[in-house]
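Shown next, in structure tokens, is the structure this report addresses.
This one's a predicted model, so the numbers in the text were calculated from it and none came from an experiment.
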Amino acid sequence: MPNLPLTQYNTKGTLKYAFVEYPSAKIYSLSKGGTMKNHLLFGDYVKIMDDKIVDKRVKVRSRNTTGWIKATELRKDRILEVNFVDIGQGDGCHLVTPDDQHIIIDAGKTDNMIRYLTWRFNLLSRNSELGFPMDIVISHSDADHYLGFSDVFLNKKINVQNVYHNGLVERPGDNSLGKVENGYITGLVNNTSDMKALIENPSNRTGTSSMYCKTLFKSLKHNPDIKFKALQEADEYMPKFNAQNRINEKEFSIKVLAPLRVKKNGKQGLKTIKNLGKDKNGHSVVLKLKYGNARILLGGDVNEEFGKIIHEHYKDKLHELTVDVAKACHHGSNHFHYGFIEAINAAGTVISSGDDESYSHPRPDAIGTLGKCGYGLNH
């Protein structure tokens with residue numbers, strides 16, 4: 001009876017594991033027959049239960065399902081996954097690094113993200129568990145980016161380890177994004193103790209503008225040791241993902257391009273244009289992923305006013321904004337800065353907008369600009 005070749009799987013101690021080959025694979029109930037138990041995607045992690053090949057299949061476990069998979073549908077190397085989830089109006093992205101770290105970047109407004117995760121990892125199965133922690137990035141405090149995390153936080157099978165955000169935590173009362181001084185928001189929420197002090201205060205979870213605090217408070221129910229950290233351009237990179245990080249001998253990094261903080265009178269602040277919605281959107285967390293030669297931009301809801309500020313900040317190093325693929329800021333809204341889009345110069349752009357929303361996204365001028373400023377024009 002032949003064994004699965006070593007060229008098709010990895011070992012770590014007694015553990016044997018591989019990944020699904022392109023384009024997908026099925027887990028069958030038996031080594032023979034067509035009864036399917038689960039359908040896996042290209043790149044899915046697969047634990048090999050037995051490397052003996054029986055009837056051209058091997059016994060495996062993946063997505064909380066044990067069964068048999070065709071030996072030819074396994075590969076040794078993992079890919080980088082950037083899964084843009086269909087969450088309707090809003091943003092939702094599930095990132096899986098080639099060394100199997102998982103990050104959710106925004107989760108939309110409804111339950112679509114938890115439905116995706118439940119399907120992806122078979123979480124309805126009685127004995128199912130993720131077996132690994134999740135990190136979360138909330139680009140900014142608009143409901144169509146964060147409210148879907150309510151269901152993620154309340155699912156006891158999901159171990160949320162870190163929540164990264166832009167430092168602006170909307171709450172009831174005047175100056176709902178924090179204290180404002182001389183045109184800058186200085187009441188920023190930077191760390192775990194700051195965040196817990198805010199969301200554990202019942203007065204911040206009641207009334208108008210309390211939904212963000214309510215949602216973040218839910219994270220403590222099953223993850224009491226959760227950590228919160230505000231990201232900013234001065235960090236350069238997300239924790240664990242700097243330019244020295246290597247996976248499969250390639251750089252894998254996540255660079256923080258924004259928000260852009262300014263130091264005023266000894267305090268760090270984010271510029272306000274005295275418009276709540278535009279301040280929230282404009283100070284979105286902007287991330288640039290790099291894996292080998294591939295570059296991907298995730299930019300929240302950066303708008304025209306702050307797109308201009310970001311473009312000006314990087315005017316002497318515009319290459320920092322240039323990528324191969326971008327997630328369109330603000331769902332293809334017409335509120336964009338042309339120079340910012342031109343600097344991004346993406347070959348492909350993903351637009352996340354709902355089928356039944358009132359904003360008419362994506363707008364024709366946004367589509368036209370993305371096409372005109374795309375990769376093919378300048379290279």
Side-chain angles (χ1 to χ4, degrees), residues 105 135-142 145-146 162-171 173-199 201 204 209 212-213 216 227-244 253-288 297-322 329 337 339-340 343-344:
I105 303 170
D135 283 347
I136 281 171
V137 177
I138 302 176
S139 66
H140 65 293
S141 57
D142 264 355
H145 291 252
Y146 75 80
N162 299 290
V163 174
Y164 301 101
H165 56 98
N166 68 350
L168 299 176
V169 179
E170 189 173 8
R171 80 295 298 262
D174 297 333
N175 296 330
S176 61
L177 294 180
K179 187 177 180 180
V180 177
E181 300 175 86
N182 301 316
Y184 287 84
I185 304 168
T186 57
L188 303 176
V189 180
N190 293 307
N191 51 44
T192 304
S193 59
D194 289 348
M195 181 67 83
K196 285 189 174 181
L198 195 65
I199 64 178
N201 184 341
N204 290 324
S209 301
Y212 192 39
C213 285
L216 293 174
K227 301 292 189 296
F228 295 92
K229 176 177 171 53
L231 297 175
Q232 57 168 311
E233 174 265 344
D235 294 331
E236 289 198 70
Y237 296 93
M238 274 186 62
K240 302 183 289 185
F241 300 114
N242 61 35
Q244 284 68 53
S253 60
I254 304 179
K255 195 160 192 177
V256 183
L257 299 181
L260 304 172
R261 292 193 183 185
V262 174
K263 198 166 187 178
K264 292 286 184 179
N265 299 324
K267 295 181 180 179
Q268 289 190 337
L270 292 171
K271 183 178 177 63
T272 176
I273 58 173
K274 299 180 180 180
N275 180 299
L276 176 63
K278 289 187 176 183
D279 283 346
K280 287 194 298 183
N281 289 340
H283 289 303
S284 291
V285 173
V286 179
L287 301 176
K288 180 180 179 180
L297 187 78
L298 303 171
D301 275 359
V302 171
N303 48 30
E304 182 175 6
E305 292 84 355
F306 287 92
K308 182 178 180 180
I309 291 170
I310 294 171
H311 182 255
E312 178 66 19
H313 177 81
Y314 287 99
K315 65 181 180 181
D316 296 325
K317 44 182 178 179
L318 287 177
H319 65 277
E320 292 283 13
L321 300 176
T322 303
C329 297
H337 178 63
F340 179 60
I344 291 172

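Judged purely by atom type and a 3.5 angstrom limit, Asp279 uses its side chain to pair as donor or acceptor with the backbone of Ile273. With hydrogens and angles ignored, the 3.5 Å screen pairs no side-chain donor or acceptor of Ser284 with any backbone N or O of Val286. His283 contributes a side-chain N or O that, together with a main-chain N or O of Lys271, makes up a donor-acceptor pair within less than 3.5 Å. Of the possible polar contacts, one joining the Asn204 side chain to the Leu198 backbone as a donor-acceptor pair under 3.5 Å is found. Side chain of Thr192 to backbone of Phe228: a donor-acceptor contact under 3.5 angstrom is found. Side chain of Arg171 to backbone of Ser176: a donor-acceptor contact under 3.5 angstrom is found. Judged purely by atom type and a 3.5 angstrom limit, Tyr314 uses its side chain to pair as donor or acceptor with the backbone of Leu257. Of the possible donor and acceptor atoms, none in the side chain of Asn166 sits under 3.5 Å from a partner among the backbone N and O of His140. In terms of modelled atom types and a separation under 3.5 Å, the side chain of Lys288 and the main chain of Glu320 share a donor-acceptor contact. Listed for the Thr272 side chain is no donor-acceptor partner under 3.5 Å among the backbone atoms of Tyr184.
Note that CZ of Phe340 and CD of Glu304 are 12.5 Å apart. Values are rounded to the nearest 0.5 Å. Atoms NE2 and NE2, on His313 and His311 in that order, are 12.5 Å from each other to the nearest 0.5 Å. To the nearest 0.5 Å, atom CE of residue Met238 and atom OG of residue Ser253 are 11.5 Å apart. Note: Leu287 CG to Leu298 CG = 6.0 Å, rounded to the nearest 0.5 Å. Note: Ile254 CD1 to Asp135 CG = 9.0 Å, rounded to the nearest 0.5 Å.
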Quick one, Leu276 with Glu170, criterion side-chain contact (heavy atoms from CB on, under 4.5 Å). Give me CA distance, side-chain angles, the key distance, then yes/no. CA-CA 10 Å; Leu276 176 63; Glu170 189 173 8; 3.6 Å; yes

Starting from the C-alpha separation in whole Å, work towards a yes-or-no answer on side-chain contact (heavy atoms from CB on, under 4.5 Å) for Met195 and Val169. CA-CA 8 Å; Met195 181 67 83; Val169 179; 3.6 Å; yes

Give the intermediate values and the outcome of side-chain contact (heavy atoms from CB on, under 4.5 Å) for residues Tyr212 and His165. CA-CA 12 Å; Tyr212 192 39; His165 56 98; 4.1 Å; yes

Under the criterion side-chain contact (heavy atoms from CB on, under 4.5 Å), I'd like the reasoning laid out for Arg261 against Leu188: C-alpha separation, chi angles, the key distance, then a yes or no. CA-CA 10 Å; Arg261 292 193 183 185; Leu188 303 176; 3.5 Å; yes

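Looking only at side-chain heavy atoms (C-beta outward), Val256 and Tyr164 stay at 4.5 Å or farther from each other.
Legend: salt bridge (charged side-chain N to carboxylate O under 4.0 Å, His left out) pairs involving residues 177-190, not counting sequence neighbours, sorted by first then second residue: Glu181-Lys267.
Atom NZ of Lys308 sits in a sparse spot, with 12 or fewer heavy atoms from other residues, nucleotides or ligands closer than 6.0 Å.
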